[in-house]
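Data block below; observations after.
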Amino acid sequence: MANESNPFQEIISHCKEYGYIFQSSELYDGLSAVYDYGQMGAQLKKNLRDEWWKSMTQLHDNIVGIDAAIFMHPTVWKASGHVDNFSDPMIDNKDSNKRYRVDHLIEAHADTLETSAAKELLSEMDRLLAADDLAGLKTLIENNKIKCAVSKTSNWTDVRQFNLMFSTQIGSVAEEADTIYLRPETAQGIFVNFLNVQKTGRMKIPFGIAQTGKAFRNEIVARQFIFRMREFEQMEMQFFVRPGTQMEWYNYWKETRKKWHESIGIPSEKLRYHDHIKLAHYADAALDIEFEFPFGWKELEGIHSRTDFDLSQHAKYSKKKIQYFDNELNAEGKPYGNYTPFVVETSVGLDRLFLTVISLAYQEEKWTKEDGTEDSRVVMKIPAKIAPIKLAILPLLKKDGLPELASHLMDECKQQFHCFYEEKDAIGKRYRRMDAIGTPFCVTIDHQTKEDNTVTIRYRDTMTQERIPMDQVQRVVATACK
RNA sequence: GCGGAAGUAGCUCAUUUGGUAGAGCGAUAGCCUUCCAAGCUAUAGGUGGCCGGUUCGAGCCCGGUCUUCCGCUCCA
């Protein structure tokens with residue numbers, strides 16, 4: 001309701017006002033790019049996570065779920081490439097105060113050179129990057145007289161290393177402590193457990209391992225509310241397939257995941273695919289499922305064909321064999337035999353999905369009443385299936401035995417789904433409050449209820465209401481939430 | 001991270017040359033009320049983001065800091 005000029009700001013204000021999202025440590029002025037989920041937000045987030053978990057593990061007999069620890073052996077991040085590739089050498093121009101990634105700066109300069117000179121420059125850069133020679137990189141920039149595009153000067157700071165992984169120590173004695181990282185992605189917890197799960201679960205390829213959990217990235221700039229946070233939650237599934245079949249599965253999951261988003265109420269026209277042109281070191285195909293956020297089309301979920309990169313890397317660093325024996329017969333009538341499975345990954349940001357849902361749900365409505373006056377409401381049209389509170393039970397008056405009847409209904413319904421009971425204030429005001437937090441159904445108990453056991457059920461999205469027998473309330477709400 | 005702007009009650013805002021903060025909405029309790037933010041009564045809630053400086057005196061002036069917004073940058 002706050003900022004008329006910026007709809008996204010209104011959503012952020014609304015989230016705070018109604019207990020969906022608070023800034024972390026707000027009491028102490030907040031912590032940048034870290035947020036807490038409030039009483040409503042935590043429930044909505046849990047509902048989204050549960051929907052995803054069910055769609056993966058319960059509805060696919062060949063996908064199982066695990067919950068790996070955030071702390072992992074430091075070598076995991078060597079093997080995954082994060083120690084080397086997740087850190088970027090940066091350099092600042094002192095005159096323009098522009099900051100550049102060193103590789104981007106040099107590559108841009110190479111584009112202006114003739115082919116052989118460019119090749120030489122880039123191979124020298126690669127050598128220095130691989131050797132972590134930061135001083136050498138600066139010398140390379142200076143020798144090539146590379147200039148800042150803004151200030152047109154070569155007045156550079158030293159090259160500095162930025163690592164996007166958070167680190168801490170394990171072991172209480174500082175001198176003996178080992179540095180370990182907070183995981184920057186959840187995927188590695190699945191890869192290092194590949195053999196454990198495959199063997200103990202007697203899994204046959206193709207099969208998947210799903211997991212939800214927190215990951216941490218020390219973003220240089222993190223903004224846009226919960227879109228890019230330093231601590232965030234991923235929901236991802238690694239699907240292990242026979243080498244050569246990865247594109248088939250890549251396309252399968254591309255379709256399947258988009259359909260899932262539509263199944264929780266995201267309109268098809270608000271979703272699109274975005275193919276990656278420049279692929280990461282581990283991928284042979286990659287795309288984003290993008291959603292049209294209030295600030296533009298942005299990644300909601302990534303589908304990556306990761307080849308056998310991760311399992312091979314872990315085999316190499318752990319010196320253990322990570323393979324699968326495939327008994328199925330090939331065209332020649334022989335088993336496919338031993339191989340390192342290929343991986344197709346689906347990875348959604350739970351917080352981004354949350355942001356998607358609330359930015360679609362948030363609506364301000366205005367209309368003219370019968371007496372000619374203007375009326376309005378703010379309503380969160382969250383699909384009933386994922387709404388934090390499904391049903392509000394409201395005695396019309398708090399006397400004449402109505403609260404007793406309502407409490408009785410409350411006791412029955414709360415066994416089945418999340419309910420909210422309220423007897424304070426005029427009925428219209430209570431409806432508005434339920435609209436604001438996105439409760440899809442309200443049931444009102446009045447004097448007629450005492451005579452014929454019927455109640456009024458009021459629908460959030462249409463604001464219409466009808467009378468139904470009290471003993472049908474549970475069924476109506478439960479059906480709508482399926 | 002750089003540049004610009006902002007920060008007063010839960011929210012939206014007032015306090016017009018510096019003189020120890022107010023309103024509306026909201027909240028809580030009660031009264032009234034038979035279906036979409038009605039009315040009445042009472043109550044709670046702010047060391048003016050934080051730290052320091054100038055001044056007899058700072059919400060207001062100055063410096064620093066934190067947070068947010070906008071632009072740039074960044075986002076394997």
Side-chain angles (χ1 to χ4, degrees), chain A residues 1-6 8-10 12-14 16-19 22-34 80-88 90-101 103-104 149-151 157 160 162-165 184-185 217-225 227-228 276 278-283 286 288 295 298-299 302 304 365 367 369-370 373-379 394-400 402 424-436 442-450 455-460 463-467:
Chain A
M1 302 255 272
N3 203 326
E4 289 293 333
S5 60
N6 189 338
F8 188 43
Q9 282 310 310
E10 291 172 34
I12 295 170
S13 300
H14 190 83
K16 188 197 167 188
E17 195 171 351
Y18 289 94
F22 309 119
Q23 192 179 14
S24 165
S25 317
E26 196 191 19
L27 196 61
Y28 293 98
D29 289 333
L31 188 60
S32 182
V34 186
S80 69
H82 282 84
V83 172
D84 295 326
N85 293 318
F86 213 62
S87 59
D88 301 316
M90 309 283 278
I91 193 165
D92 295 0
N93 183 275
K94 289 180 188 168
D95 297 316
S96 64
N97 281 322
K98 286 269 175 195
R99 171 166 296 167
Y100 296 89
R101 268 177 58 176
D103 54 342
H104 287 183
V150 175
S151 67
T157 62
R160 288 174 295 173
F162 287 76
N163 195 307
L164 297 184
M165 283 195 289
E185 65 173 31
R217 292 183 191 178
N218 199 359
E219 302 283 357
I220 297 169
V221 175
R223 263 196 229 163
Q224 289 166 322
F225 197 37
F227 183 79
R228 178 166 289 117
H276 288 203
K278 195 182 162 195
L279 295 170
H281 57 279
Y282 52 73
D288 295 337
F295 42 84
K298 299 278 181 185
E299 178 185 357
H304 295 184
E365 296 181 343
W367 64 92
K369 289 195 287 190
E370 282 176 15
T373 57
E374 295 294 308
D375 206 350
S376 68
R377 67 168 180 164
V378 173
V379 55
L394 315 169
L396 192 56
L397 299 175
K398 54 176 168 181
K399 60 178 184 185
D400 303 336
L402 301 184
K424 168 87 180 157
D425 290 321
I427 192 69
K429 193 175 221 172
R430 282 179 273 169
Y431 285 156
R432 286 296 193 282
R433 278 200 283 251
M434 289 302 106
D435 288 342
C442 294
V443 156
T444 306
I445 281 78
D446 58 17
H447 287 98
Q448 194 183 330
T449 308
K450 292 202 289 187
V455 297
T456 304
I457 185 163
R458 182 261 194 188
Y459 303 103
R460 176 196 63 198
M463 296 176 74
T464 54
Q465 49 193 36
E466 58 184 324
R467 267 205 108 78

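Chain identifiers are assigned alphabetically (A, B, ...) following the order of the sequence lines, protein sequences preceding nucleic acid strands; residue numbering begins at 1 within each chain. Scope of the values below: all heavy atoms of this structure, side chains included, with no hydrogens, waters or symmetry mates.
- Atom C1' of nucleotide B/U34 and atom NZ of A/K450 are separated by 12 Å, given to the nearest angstrom.
- Put simply, the side chain of A/R430 and the base of B/C36 share no donor and acceptor less than 3.5 Å apart.
- In this model, no side-chain donor or acceptor of A/D435 finds a partner on the base of B/C36 within 3.5 Å.
- Ranked by how close their nearest RNA chain B nucleotide is to the 5' end, A/E185 and A/L397 are led by A/L397.
- Within the 4.0 Å cut-off from OP1 or OP2 of B/A37, not a single side-chain nitrogen or oxygen of A/S376 is found.
- Side-chain atoms of A/R460 and A/M434, non-hydrogen and from C-beta on, never get closer than 4.5 Å to each other.
- Side-chain N/O atoms of A/R433 include one lying less than 4.0 angstrom from OP1 or OP2 on B/A27.
- Judged purely by atom type and a 3.5 angstrom limit, A/R430 uses its side chain to pair as donor or acceptor with the backbone of A/L396.
- Considering only the side chain of A/M463, B/C36 comes nearest among B/U33, B/C36, B/A76.
- Between the side chain of A/E17 and the base of B/C11, no donor-acceptor pair of N or O atoms lies under 3.5 Å.
- Using a 4.0 Å heavy-atom distance criterion, A/Q465 is classed as a base contact.
- Distance, A/K424 NZ to B/A38 P: 11 Å, rounded to whole Å.
- When the C1' atom is compared between B/G26 and B/C13, the two are found 14 Å apart, to the nearest whole Å.
- On the C1' atoms, B/G45 is 26 Å away from B/C32, given to the nearest whole Å.
- Although no hydrogens or angles enter the test, the distance criterion places no donor-acceptor pair under 3.5 Å between the side chain of A/K450 and the main chain of A/I445.
- The same atom, C1', is picked in B/G1 and in B/U20; the two are 41 Å apart, to the nearest Å.
- Salt-bridge check for A/D435 with A/R377: passed, with a basic side-chain N closer than 4.0 Å to an acidic carboxylate O.
- In this structure, B/C74 forms no base pair with any nucleotide, since neither Watson-Crick nor G-U wobble geometry is met with both distances under 3.5 Å.
- Remark: A/K429 is in phosphate contact with B/A27, judged by side-chain N or O atoms under 4.0 Å from OP1 or OP2.
- Taking atom P on both B/A14 and B/G57, the two are 29 Å apart, rounded to the nearest angstrom.
- In summary, A/R458 and A/E466 do not engage in a salt bridge, as defined by a charged side-chain N under 4.0 Å from a carboxylate O.
- Rounded to whole Å, the C1' atom of B/C60 lies 11 Å from the corresponding atom of B/U8.
- Look at CZ on A/F225: it is 9 Å from P on B/C69, rounded to the nearest Å.
- The pair A/D288-A/K298 does not meet the salt-bridge criterion, since no charged nitrogen lies less than 4.0 angstrom from a carboxylate oxygen.
- One finds a side-chain N or O of A/Q23 lying less than 4.0 angstrom from the OP1 or OP2 phosphate oxygen of B/U68.
- Taking atom C1' in both B/G22 and B/C62, one finds a spacing of 28 Å when rounded to whole Å.
- The interatomic distance linking A/E10 (CD) with B/U12 (C1') rounds to 12 Å, in whole Å.
- The interatomic distance linking A/D425 (CG) with B/C25 (C1') rounds to 14 Å, in whole Å.
- Taking atom CG of residue A/L396 and atom P of nucleotide B/C36, one finds them 10 Å apart after rounding to whole Å.
- Contact between the side-chain N/O atoms of A/K399 and the OP1/OP2 oxygens of B/U33 is found at a separation under 4.0 Å.
- If you find the closest nucleotide of RNA chain B to A/K16 and to A/F227, the one lying nearer the 5' end belongs to A/K16.
- For B/U55 and B/G18, the C1' atoms lie 9 Å apart once the distance is rounded to whole Å.
- Of the C1' atoms belonging to B/A44 and B/A9, the separation is 11 Å, rounded to the nearest Å.
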Practice item. Could you walk me through whether A/Y18 and A/S13 pass side chain to side chain donor-acceptor pair (under 3.5 Å), step by step? Key: CA-CA 9 Å; A/Y18 289 94; A/S13 300; over 6 Å; no
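- Using N1 to N3 plus N6-O4 or O6-N4 for Watson-Crick, or N1-O2 and O6-N3 for G-U wobble, each under 3.5 Å, B/C31 pairs with B/G39.
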